[in-house]
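Numbered from 1 within each chain, the chains take letters A, B, ... in sequence-line order. This structure is a prediction, so every number in the text was calculated from the model and none was measured.
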Amino acid sequence: MRNVRIESGAFDPHALTSNLAKSCPEAGGIASFLGAVRAGGGVQALELSHYEPLTMAGMELLADDAFARFDLMGLSMVHRVGHMVPGDPIVCVAAASRHRRDAIATIDFCMDHLKSAAWFWKRELREGSWHWIEPRAQDYSDKDRWEK
Amino acid sequence: MRNVRIESGAFDPHALTSNLAKSCPEAGGIASFLGAVRAGGGVQALELSHYEPLTMAGMELLADDAFARFDLMGLSMVHRVGHMVPGDPIVCVAAASRHRRDAIATIDFCMDHLKSAAWFWKRELREGSWHWIEPRAQDYSDKDRWEK
Amino acid sequence: MAVTILFLGPLRDLAGEETREVPAPLDWAGLLDAAGPLVAEQLASERVNVACGGKVLSDKHGLNAQDGDEVALLPPVSGG
Amino acid sequence: MAVTILFLGPLRDLAGEETREVPAPLDWAGLLDAAGPLVAEQLASERVNVACGGKVLSDKHGLNAQDGDEVALLPPVSGG
């Protein structure tokens, strides 16, 4: 199973992971990561934009790369775009594999790339004004761990 | 939120992760790992036993260690004992943190220890006879990665 | 026909609009001129990419957009 | 009163039963004797631990179980 999507409306990350698990009965391990808009940090809203001709193609290449690097039975990768509020899911990556470490490494790998190397732009509404967010220095170094 | 449990009956790992996410609205990331009895590999049933006076105390110490090592907002760790069949969840670890890498490292850390350093014994029914399972050499080396 | 320049992410704020139509053909010098000084300054950075016709250019200075092409200006990304 | 020896995991198969009652007190030599030759052979391995009264012994050879104690024989574990 392979499920790569950009969603412009709300999605249920737990259903996504549950469906992946159901569709991969021969997997011994399912790892998932859910990124959500944090509450309590002063962010009133978050907006994600993308450039459709590049974004989907980039996510498909990232999925190809994950299947090539890790021993995977299934992969779901869903990223929101549009307007979100605290608590809303932004991204969910779920991976199914025979042994646990491939599934865990896959969500780590995919998130590092979605964070700083996929065609998304993110801004936050704080105290009534919008601020563009750039990846932290650590997000770039996290991604660079995977370079061969 | 901290939720460490041994279950003698079926449990819903997706509800566990979903509840952790709900209870940690200030977390930016929720990672989870679900280990299940693999279908299709010739295993008809799996039985996990434990030694209660040690097992719960050991899991609580593991949770303490995870909270000490990683920047965590919440942790759920549930391990089944008893008789299971293919498809049944065996273990679920879910972690909530401000930044993604703490949550992902936590599920990796906890699983490495539950696999080869917690007080459980596992046997599989294959072709009508029971076989005790010992950790693979890699399970031991995976755990040793975390030693300081 | 014309070339459409598309401003992504923070470049949209600098440009003051989402898209701008300019006459074809459009090369690098023409793009810097058409994008305005604030965006042109950003385009100087290696971290800002340019896509033409849905492909990221490996050498943005070699831009050669024709009638009907969309030229997307891509600042540093942040997802997740 | 007595000491209860509890056989965990694969040691249960070797012992042929889950628990065995033996007279108190019980030391290491007494345990090897009471456990039977198959289990005693396993107990020689460093990878097999012994708990007394719910605590894993750091030195199992110093076992000194009293009336009412449970002595658990713990072979290599495998969870997850």
Of the backbone (N, CA, C, O) and the side chain (C-beta and beyond), which part of A/W119 lies under 4.5 Å from a heavy atom of chain C, both, or neither? both
Where is the tightest heavy-atom contact between C/P10 and A/W121, given as atom of each residue plus distance? CD-CD1, 4.1 Å
Crowding at CD, A/E52 (>12 non-hydrogen neighbours, <6.0 Å): no
Backbone of A/P135 reached by a side-chain donor or acceptor of C/S78 within 3.5 Å: no
Non-hydrogen side-chain atoms of A/R123 and C/D13 separated by less than 4.5 Å: yes
Pick whichever of A/V91, A/L54, A/I133 has the most heavy-atom pairs under 4.5 Å with chain C. A/L54
Considering only heavy atoms, which portion of A/A117 lies under 4.5 Å from any heavy atom of chain C: side chain, backbone, both, or neither? backbone
If you count heavy atoms of other groups shown closer than 6.0 angstrom to CD of A/E127, is the number above 12? no
Relative to chain C, which segment of A/H113 carries a heavy atom at a distance below 4.5 Å: side chain, backbone, both, or neither? neither
Considering non-hydrogen atoms only, spot the tightest contact between A/S116 and C/V77 and give its length. O-CG2, 3.4 Å
Can you see which heavy atom on C/L8 is nearest to which on A/Y51, and at what distance? CD1-CB, 4.1 Å
Heavy atoms only, distances under 4.5 angstrom: which of C/K55, C/R12, C/R47 has the most pairs with chain A? Name it, please. C/R47
Within-4.5 Å side-chain heavy-atom neighbours: A/Y140 and C/P76: yes
Tell me, out of A/G35, A/C92, A/A57, A/A118, who's got the most heavy-atom pairs with chain C below 4.5 Å. A/A118
When you measure from the side chain of A/H79 to the backbone of C/G80, do you find a donor-acceptor pair of N or O atoms at a distance under 3.5 Å? yes
Around atom CD of C/E41, are there more than 12 heavy atoms from other residues, nucleotides or ligands closer than 6.0 Å? no
Considering only heavy atoms and a distance below 4.5 Å, find which of A/D139, A/V81, A/V93, A/I90 pairs most often with chain C. A/I90
